[in-house]
Amino acid sequence: MISSKPRVRFAPSPTGALHVGGLRTALYNYLFARRQGGTLLLRIEDTDRARYVAGAAEKLAETLAWAGITFDEGPGIGGDHGPYVQSERSDLYRAHAMRLLEEGKAYRCFCTSEELEAARLRQARSQQDSAYDRHCRTLTDEHITERLDQNQPHTIRLLVPLAGELQFRDLIRGDVAIHYDVIDDQVLLKSDGLPTYHLANVVDDHHMEITHVIRGEEWLPSTPKHLLLYEYFGWTPPSFAHLPLLLNADRTKLSKRQGDVAVEDYRAAGYLPEALVNFIALLGWNPGDDRELFSLQELEQSFTLDRVSKAGAVFDIEKLKWFNAQYLRALPPETLAEYCGPFMRSAGFDTADSDRTAAVASAFAAYLTIPSDIVSHLRFLTISQVTFEDEEDIDTVSSYDAQKVLAQFAYLTETLDTWNASSVKDMIKDIQNDTGVKGKKLFMPLRLALTGERHGPDIGLIAELLGRDACLRRIRSQLV
RNA sequence: GGCGCGUUCGUCUAGCGGUUAGGACGUGGCCCUCUCAAGGCCAAAACACGGGUUCAAUUCCCGUACGCGCUACCA
């Protein structure tokens, strides 16, 4: 590779929502391209009619955009190497399949799915290798012509050498070698005329001038087939980098059942794109030093493939929560309020006053992992009156000292010029001087009377958020 | 079953022959403090196993075990 700029791609299949593993693959491709000043393109691999989900491609693009991943070429973006949707490139794949056929590097297979399935079952029962038995590899021309004349549905299979070994160097794993004799005569063109992944991906990567294929480890075993295809076509193959898998807590491949896997799920739950991206970037890559908090821009500057690890990484939601809490806390009040607003409204909080909304939201910033956490902290603001069920709470508020404190609080409240966190704090100091009550005995009755809870933010702040009138009302209601 | 890839604290990871094996999340403790959260400090916690190579292996090689992936007319 001379100094030419790399071209990489993210090539999802529109079969559903974007998986977090897919997001990471997209992210690494994006970071690699940005770091090298290269080009990233989006290609939709919709060659499986059966699994196609309408609208999924658009949704995928939208989710990627949410995460901050932008493409230089792709559907709806444009570029010189389109179309970027495989279903619009069928003729190209078919032509290439025909070329292999003519050159004796592929052959027609008339075996039906049922026959193949039955063969596989037989093989499984007798514990044999499950591979295509190459039944049609040796069909006579006569035979083939006859079936073609009958319009018999068929596939086109790759003619894999019977012996020999294929070696390649993976950018992440180093040298990998696989014997041809364990490689199946892969179907390249399905009987519906559409290509399989193997054909389409090679043809497209070549025509789209992809220089580096950065994809999940699940593709490692089929890379020799792809390399063979490059060889058959006489093309220079791209470099390959196979990323380690993302795993469940039990170390199986990350999947539904054991938690959310769709990026949309995390988005809906209130995770910030910055947090998700930061977290996911570190699942299989590290900067080589102790830094952990990375903006997308910082990742773009630091990312290199040689620091990608080989082993799978468990998706630990606890660490994602920590990242999210970090980012949530760092948000300016107005932005935090935007995230929390809907939840605050659902908790019965009137968000019409944006300054007040921002103030309340940021008062609880340190308490939040996700925006919806704010709901439980807002109870004290939205209840009409404070009542106690716990005997201990009642005792705390009704003790002799507590009553002195509450009475003095009510008295001084009316004399206070300005009502805010710091003036209330000063006032509480005065109450301490006036009553001689201090510490927990001073604060807890006030906290309880004002909020009904024993825990929460600074009491001055609570008083400010509640407002003078509400405070007065609540304190008085606890006076015997 | 076959083939491939992998294996450092519970989790994410640093380490690229000689280190008290470092950091982060989580966990426990202490501090701060009216409480909780946040924050600060401290602690417990790992080189899968067996052979080599070497003066010296977490590090290099081989094997075993375990895990994962692939083994579709899915990607």
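Note that the structure is predicted; figures quoted are calculated from it, not measured. So you know, we letter chains A, B, ... as the sequences are listed, proteins then strands, and number each from 1.
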- Item | Side-chain donor-acceptor pair present, A:Asp204, A:Tyr93, cut-off under 3.5 Å | yes

- Message: Please classify the nucleic acid contact of A:Leu245 as base, sugar-phosphate, or nothing, using heavy-atom distances under 4.0 Å.
- Response: sugar-phosphate

Every protein N/O within reach of nucleotides 44-49 of chain B N/O, cut-off under 3.5 Å:
none

- Message: If you compare every side-chain N and O of A:Lys253 against the phosphate oxygens of B:rG67 (OP1, OP2), does one of them come in below 4.0 Å?
- Response: no

- Task: Record whether the side chain of A:Arg447 comes under 3.5 Å of the base of B:rC34 through a donor-acceptor pair of N or O atoms.
- Result: yes

- Note on the structure: Taken in chain and number order and not counting sequence neighbours, the residues that satisfy ring pair (Phe, Tyr, Trp, His ring centres under 6.0 Å) with A:Tyr367 are A:Phe364, A:His377

- Query: Can you name the residues that form a ring pair (Phe, Tyr, Trp, His ring centres under 6.0 Å) with A:Tyr28, not counting sequence neighbours?
  - Reply: A:Phe303

- Task: List in numerical order all residues of residues 388-408 of chain A for which some heavy atom is under 4.0 Å away from an atom belonging to RNA chain B.
- Result: none

- Message: Taking 4.0 Å as the cut-off, does a side-chain nitrogen or oxygen of A:Thr252 come that near to OP1 or OP2 on B:rG67?
- Response: no

- Go through the structure and list residues passing side chain to side chain donor-acceptor pair (under 3.5 Å) with A:Arg173, not counting sequence neighbours. none

- Query: What residues in residues 42-51 of chain A put a non-hydrogen atom under 4.0 Å from any atom of RNA chain B?
  - Reply: A:Glu45, A:Thr47, A:Asp48, A:Arg51

Dump the pairs, protein N or O against N or O of nucleotides 36-41 of chain B, anything under 3.5 Å, distances to one decimal.
from: B:rC36; atom 1: O4'; to: A:His455; atom 2: ND1; distance (Å): 3.1
from: B:rC36; atom 1: O2; to: A:Tyr367; atom 2: OH; distance (Å): 2.3
from: B:rC36; atom 1: O2; to: A:Gly456; atom 2: O; distance (Å): 3.4
from: B:rC36; atom 1: N3; to: A:Tyr367; atom 2: OH; distance (Å): 2.9
from: B:rC36; atom 1: N3; to: A:Gly456; atom 2: O; distance (Å): 3.3
from: B:rA37; atom 1: O2'; to: A:Ala366; atom 2: O; distance (Å): 2.4
from: B:rA38; atom 1: O3'; to: A:Arg329; atom 2: NH1; distance (Å): 2.9

Show me the protein contacts with nucleotides 29-32 of chain B, counting only N or O atoms at under 3.5 Å.
none

What pairs of donor and acceptor atoms, side-chain ones from residues 304-313 of chain A against any protein atom, are under 3.5 angstrom apart with sequence neighbours left out?
from: A:Thr304; atom 1: OG1; to: A:Asp306; atom 2: OD1; distance (Å): 2.7
from: A:Arg307; atom 1: NE; to: A:Asn286; atom 2: O; distance (Å): 3.0
from: A:Arg307; atom 1: NE; to: A:Asn286; atom 2: OD1; distance (Å): 3.4
from: A:Arg307; atom 1: NH2; to: A:Asn286; atom 2: OD1; distance (Å): 2.9
from: A:Ser309; atom 1: OG; to: A:Gly284; atom 2: O; distance (Å): 3.3

- Short question: side chain of A:Asn29, backbone of A:Val8 - any donor-acceptor pair under 3.5 Å? no

What N/O pairs connect the protein and nucleotides 5-7 of chain B at under 3.5 Å? Give each pair on its own line.
from: B:rC5; atom 1: O2'; to: A:Arg173; atom 2: NH1; distance (Å): 2.6
from: B:rC5; atom 1: O2'; to: A:Glu217; atom 2: OE2; distance (Å): 3.0

- Residues in residues 154-166 of chain A with a heavy atom under 4.0 Å of RNA chain B, by number, are A:Thr155, A:Arg157

- A:Gln123 versus A:Ala131, closest heavy-atom pair with distance: NE2-O, 2.9 Å

- Message: Let's see if you get this right: which residues in residues 88-100 of chain A place a heavy atom under 4.0 Å from RNA chain B?
- Response: none

